[in-house]
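Just so you know, these numbers use all the heavy atoms, side chains as well, and skip hydrogens, waters and symmetry mates. Numbers restart at 1 for each chain; the letters A, B, ... are given by sequence-line order, proteins then strands. Only a predicted model underlies this, so the values are computations on that prediction, with no experimental measurement involved.
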Number of protein chains: 2
Amino acid sequence: MMNEQTGTVRSPGRPRSEKAEKAIIDAAIDMIAEGSGIGELSIEAIAARAGVGKTTIYRRWSNKEDLVVDALASLRPPIPELAGGSVREDVIRYLAVLQREGNNRTTRCFMNIALSEHDRYPHLMERFRATVLRPRREVLRSLLQRGIDRGELRADMDIEVAMAALSGAMMFFTKWHEGDGDLPADLAQRITDSILTGLLAPNTGLGGAVLHGE
Amino acid sequence: MMNEQTGTVRSPGRPRSEKAEKAIIDAAIDMIAEGSGIGELSIEAIAARAGVGKTTIYRRWSNKEDLVVDALASLRPPIPELAGGSVREDVIRYLAVLQREGNNRTTRCFMNIALSEHDRYPHLMERFRATVLRPRREVLRSLLQRGIDRGELRADMDIEVAMAALSGAMMFFTKWHEGDGDLPADLAQRITDSILTGLLAPNTGLGGAVLHGE
DNA sequence: ACATTTCGATACGATCGAGTTTCGCAACGA
DNA sequence: TCGTTGCGAAACTCGATCGTATCGAAATGT
């Protein structure tokens, strides 16, 4: 009755097939990656593509949203690894990863859903925040914090805004780039340098920081 | 047979009701604003809400996408008006408008669709680019260009990247802000100052621009 | 061997929505 | 008055999908 390794109760009968479970989730992800919104996704189509009976799906998830939540959570886009060089180098590396992911079909559709079904599927959104957004945010935050500690970045920097500017700029390009050509290869570098350097002309007399005062 | 004002042919019979047309479009917009994706939107529901027969819809649009395209095109979110003050002031004003719109239910759902149905409904996306994206882009571009001409902004600025950073940062907040509270009231100002000033510490010896060299 | 549970397949009733047709009435020009 | 066209309402056919039930076979523990 007891599983020797885990100590949990082992129910009698034929065990559930992990292969089927994987096939179902893969099928769901594939269909999302092909552009289905959650609304268009049908259990029947998932079952057919996974080569699985509908029963096998309903035995595991009671509705579509639960399935999609699990499917998307199983997707774990890589968290950018930083080399620990200069802050500028690491920020470029970080944005380059975002850019590469933005061109990946699966990540792209995943992000589409995260952006648009925001209000309709709160569970899903929370999962997205936890597995994708927050880890990256922390990587970037600690990177910027390191820059401050080292004196490479200004100590009075608005970290939240800086993170939004860097990630948002890249997101803006990957979503709304005019023309269907690829994004420029040096985009990560250009974004990084623009935001690190700032837009103000160098010799306005005062250092830029003074402008902060109201 | 000829319409006196326009010179066009006036067909016989009862003319089409402009009121019905407006009611249909309003109903469609309402339902989109309530969170329906295009997939969930049904012609029957639109007809019912508009108090109109389905025939009246099919007589005008041959399918759902055409109707939605027209409906969304009829929506004309205001293009930010700039006061012509300092560049900093105008950028803040511009971003403040974006922020306000991000909290508006209709604009928000409109944007959701633009973000996610990107690939599935190309007509719709093109219309969105033309009526929303491009005009704003031009406002912001000319604003930054003016800053360069006046010497307030650096002459070697990467305008495309700067626009993406400003808009992207605000978009990032309006879409993915943690916590459900409202966005801070001074957000537009914080974004503007952070990006104008840049993130680099002031006294790294060299002016920031030198870092651009590879 | 036997009980139990899952498997894929298939069928089922129910619902929903698309798109078409029909109806009687309303609005227009001639 | 008459022909034409638009109107809303309703009925209709058709296909998709839902969620459930049932089947014989397969996989496990006892």
In whole angstrom, what separates [X]'s [atom1] from [N]'s [atom2]?
X       : N      : atom1 : atom2 : answer
A:Ile57 : C:dT6  : CD1   : P     : 16 Å
A:Glu65 : D:dC18 : CD    : C1'   : 17 Å
B:Asn63 : C:dT20 : CG    : P     : 11 Å
B:Ile46 : C:dG19 : CD1   : P     : 12 Å
A:Tyr58 : C:dC12 : OH    : P     : 18 Å
A:Glu40 : D:dT17 : CD    : P     : 10 Å
B:Lys19 : C:dA26 : NZ    : C1'   : 13 Å
B:Leu41 : C:dC16 : CG    : P     : 17 Å

Taking the basic N atoms (NZ, or NE/NH1/NH2) and the acidic carboxylate oxygens, is any pair closer than 4.0 Å for [X] and [Y]?
X        : Y        : value
A:Asp90  : A:Arg93  : yes
B:Glu101 : B:Arg108 : no
A:Glu21  : A:Arg59  : no
B:Arg49  : B:Asp26  : no
B:Asp66  : B:Arg60  : no

Short side-chain N/O contact to [N] OP1/OP2 from [X], under 4.0 Å:
X       : N      : value
B:Ser17 : D:dG6  : no
B:Arg60 : D:dC7  : yes
A:Arg16 : D:dA27 : no

>> Could you report the tightest heavy-atom contact between B:Val91 and B:Leu144, atom names first, then the distance?
In response: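 Distance-wise, the nearest heavy atoms are CG2-CD2, 4.4 Å.
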
> What's the closest nucleotide to the B:Thr56 side chain, out of D:dC7, C:dA18, D:dT4?
Replying inline: D:dC7

Quick one: which protein N/O atoms are closer than 3.5 Å to N/O atoms of nucleotides 21-26 of chain D? Pair and distance per line, please.
{"from": "D:dA26", "atom 1": "N3", "to": "A:Arg14", "atom 2": "NH1", "distance (Å)": "3.2"}

> Is there a donor in the side chain of A:Asn103 and an acceptor in the side chain of A:Gln99, or the other way round, less than 3.5 Å apart?
Replying inline: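 No, no side-chain donor-acceptor contact under 3.5 Å.
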
>> Can you work out whether B:Ser62 or A:Glu44 has the more 5'-proximal nearest nucleotide on DNA chain C?
In response: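 Nearest nucleotide further toward 5': that of A:Glu44.
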
